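To start, the structure itself, in structure tokens.
Reckoned from all heavy atoms, side chains included, excluding hydrogens, waters and symmetry mates. Note on naming: letters A, B, ... go to the chains in the order of the sequence lines (proteins, then strands), and numbering restarts at 1 for each one. All values derive from a computational prediction rather than experimental measurement.
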Amino acid sequence: MRGLDQQSLLGRRALLAGAAAGLAWPVLRVRPVAATPASAKAAMDEILKGREPTPGRVKLDIPVLADNGNSVPMSVRVASPMTASDRVRSIHVFADGNPLPVVGHFHLGPRAAKAEIATRIRLATTQTVVALAVMADRSVWSDALRVEIVLSACLDD
Amino acid sequence: MAQALVKIQAQAKRGEAVEVRALIQHPMETGFRRDDMGKPIARDIIREFVCTYAGEEVLRAELQPAIAANPFLVFHVLATESGEVAFRWTDDKGVVQSESARLTVS
Amino acid sequence: MLYRQRLAWGALALLLAATVGVAQEPIRPDPVRSGRDFQAPETRAMQDDDGANPGMLWVARGRALWDEAVGAARRSCASCHGRADETMRGVAAQYPRVDPSSGRLLNLELRIQQCRGERQDAPVPRFESDELLALTAYVAHQSRGMPVAVSVDGAARPFFDAGRAAYFQRIGQLNLACTHCHDANWGRMLRGDRLSQGHGNAYPAYRLDWQAVGSLQRRLRFCNTGVRAEPHPFGAAEYVALELYLAWRAKGLTVESPAVRR
């Protein structure tokens with residue numbers, strides 16, 4: 001975290017200019033999978049196993065402009081009655097701009113009351129976060145969100 | 001011994017979705033950082049967090065270095081019977097810790 | 001001609017010195033606003049909810065340490081002070097304060113170190129150690145919601161004057177004093193940050209940047225390196241005096257420890 005990393009200097013200048021101009025940050029909902037680099041795609045393929053995720057039913061919630069990439073609140077909610085036969089088996093979260101694309105795998109057992117998980121995550125830089133939900137009928141649903149990470153003026157290590 | 005704070009109500013009605021919030025003190029060291037001397041700092045994260053209720057699984061989370069330091073997890077237990085809600089987590093050093101709470105269902 | 005020019009410059013310098021003298025009279029930001037107001041809504045929510053505030057992990061550890069017998073004297077904090085929720089209520093709000101026996105100005109960390117070393121005959125916990133941060137956070141937490149109320153008169157006056165002078169002293173390669181960010185420019189953007197008024201009522205605080213709880217002096221050290229000045233060592237008298245000035249300046253705010261900051 002310490003110091004400036006050269007490659008994103010321009011990006012931050014643009015960010016600063018944007019902030020100075022008081023521009024609103026656009027909320028971008030993007031199509032998952034297509035927008036992700038190779039390693040993230042490979043990680044997702046391990047879950048998808050040839051299936052195609054359908055956008056919908058999953059609601060990924062992250063502040064689109066985060067104060068600090070070290071701890072970004074995130075929640076995933078899936079529309080599901082969570083009955084014995086119609087339920088979410090697992091939720092998977094990916095971040096394509098992190099050194100490792102997998103954020104976490106969350107397996108919901110028979111005692112889970114809601115198809116919902118919240119946590120705080122690390123985002124190394126501005127990037128797209130993808131959530132997949134695997135249902136009991138093996139169908140996969142998804143949501144994706146572009147998150148801007150603000151770089152602080154005052155950085156300690 | 002690291003601290004952990006688990007919040008769950010003590011009583012619930014049958015069929016109720018009971019919120020669980022777990023906060024665990026852990027550096028979640030990514031393995032990508034270096035110390036002041038330039039030496040890599042070994043990865044040390046909580047790999048797995050499991051919550052069971054009356055012996056059956058509620059949540060099993062496989063965590064990665066992208067989970068923020070001092071992990072915070074929120075999820076819901078389906079109140080079906082009075083029993084123990086148990087939490088167990090394991091880190092890269094093999095340290096296993098646990099916590100539990102009693103849920104009384106009426 | 002040259003002489004007259006010099007005289008004119010001299011007069012100007014005197015005039016400037018007088019102006020600066022006036023400018024150095026104590027001022028407080030108006031309206032006074034906690035650093036909490038300068039955080040993102042998610043960060044504020046994290047602070048406000050004890051179940052989500054990671055700083056509470058340090059408070060919980062401090063609670064356990066409070067009752068733990070330590071040192072040759074096998075004495076716990078509770079052996080002398082009883083229940084912290086009764087005896088420590090409002091105490092942190094009065095720190096830094098002058099220790100009557102030594103005449104030194106002590107902040108809460110130094111006071112706890114003194115207890116550990118002199119009264120409990122135990123090893124003195126290092127600055128920024130988990131033990132010292134946990135105990136400090138636990139004691140400070142007992143004053144949460146109470147107004148910051150330090151004494152700056154009597155024995156405290158020379159320390160207050162030194163702290164005030166430090167606050168207005170330009171330092172570092174950037175040649176900035178505390179006042180240039182936190183009086184003249186609070187509320188404005190500095191890259192991705194909104195400059196706060198620079199109060200200390202959050203501390204010990206959980207910083208997302210640190211991914212841990214840290215002391216006000218850790219924050220001051222990183223202000224120093226930010227303006228490219230040499231930081232003082234932890235516990236330095238300069239910092240404790242500055243903490244006293246900051247606490248006086250934070251009049252109207254309440255103790256928030258453990259607050260959450262970006």
Side-chain angles (χ1 to χ4, degrees), chain B residues 1-12 17-36 41-46 49 51 59 61 63-77 85 87 89 91-93 95 97-101 103, chain C residues 39-40 42-68 70 125-126 128-139 141 144 204-214 218 221-222 225 231 233-234 257-262:
Chain B
M1 173 81 178
Q3 293 292 319
L5 295 169
V6 176
K7 299 225 184 239
I8 176 172
Q9 66 202 54
Q11 277 154 25
V18 178
E19 188 186 66
V20 179
R21 318 167 108 221
L23 188 56
I24 304 168
Q25 191 169 33
H26 199 283
M28 294 297 277
E29 192 57 59
T30 60
F32 296 111
R33 299 202 306 171
R34 285 169 185 272
D35 65 16
D36 290 343
I41 304 172
R43 193 186 101 153
D44 181 22
I45 66 163
I46 295 174
F49 172 93
C51 171
L59 172 74
L63 308 180
Q64 290 286 330
I67 300 295
N70 306 302
F72 178 57
L73 285 164
V74 185
F75 51 95
H76 293 82
V77 171
V85 184
F87 310 89
W89 58 96
D91 72 11
D92 279 335
K93 289 180 172 159
V95 177
Q97 291 196 323
S98 57
E99 195 67 54
S100 71
L103 181 64
Chain C
Q39 309 300 310
E42 300 78 33
T43 312
R44 292 201 294 264
M46 204 188 290
Q47 172 175 328
D48 295 347
D49 177 353
D50 280 353
N53 181 343
M56 292 307 290
L57 291 163
W58 275 258
V59 172
R61 171 108 180 95
R63 183 177 297 120
L65 286 169
W66 183 263
D67 291 318
E68 207 176 286
V70 291
R126 286 180 302 102
E128 304 309 291
S129 63
D130 252 8
E131 180 185 349
L132 188 56
L133 287 171
L135 279 169
T136 312
Y138 178 57
V139 172
H141 184 64
R144 187 153 73 168
Y206 188 91
R207 287 193 73 86
L208 305 182
D209 191 14
W210 296 337
Q211 310 183 57
V213 163
R218 181 172 178 189
R221 281 168 60 92
F222 119 62
T225 52
F234 281 105
S257 186
V260 181
R261 298 288 181 261
R262 64 179 297 172

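- B:Arg43 is linked by a salt bridge (charged side-chain N to carboxylate O under 4.0 Å, His left out) to B:Asp92, counting only residues two or more places apart in sequence or in another chain.
- What you find for C:Ala60 and B:Leu5 is that their closest heavy atoms are CB-CD2, 4.0 Å.
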List the atom pairs, with distances to 0.1 Å, where a side-chain N or O of residues 64-76 of chain B and a protein N or O form a donor-acceptor pair under 3.5 Å, not counting sequence neighbours.
from    : atom 1 : to       : atom 2 : distance (Å)
B:Asn70 : OD1    : B:His26  : N      : 3.0
B:Asn70 : ND2    : C:Tyr206 : OH     : 2.8
B:Asn70 : ND2    : C:Gln211 : O      : 3.3

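- When heavy atoms are compared at a cutoff of 4.5 Å, C:Ala134 does not approach chain B at all.
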Could you give me the CA-CA distance, side-chain angles and deciding distance for B:Lys7 and C:Asp49, then say whether side chain to side chain contact (heavy atoms under 4.5 Å, CB included) is met? CA-CA 12 Å; B:Lys7 299 225 184 239; C:Asp49 177 353; over 6 Å; no
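- Only the side chain of C:Asp130 comes within contact range of chain B, with heavy atoms under 4.5 Å apart.
- Contact record, C:Leu57 with B:Ile24: CD1-C, 3.8 Å, taken as the closest heavy-atom pair.
- Using a 4.5 Å heavy-atom threshold, the side chains of B:Gln3 and C:Trp58 count as separate.
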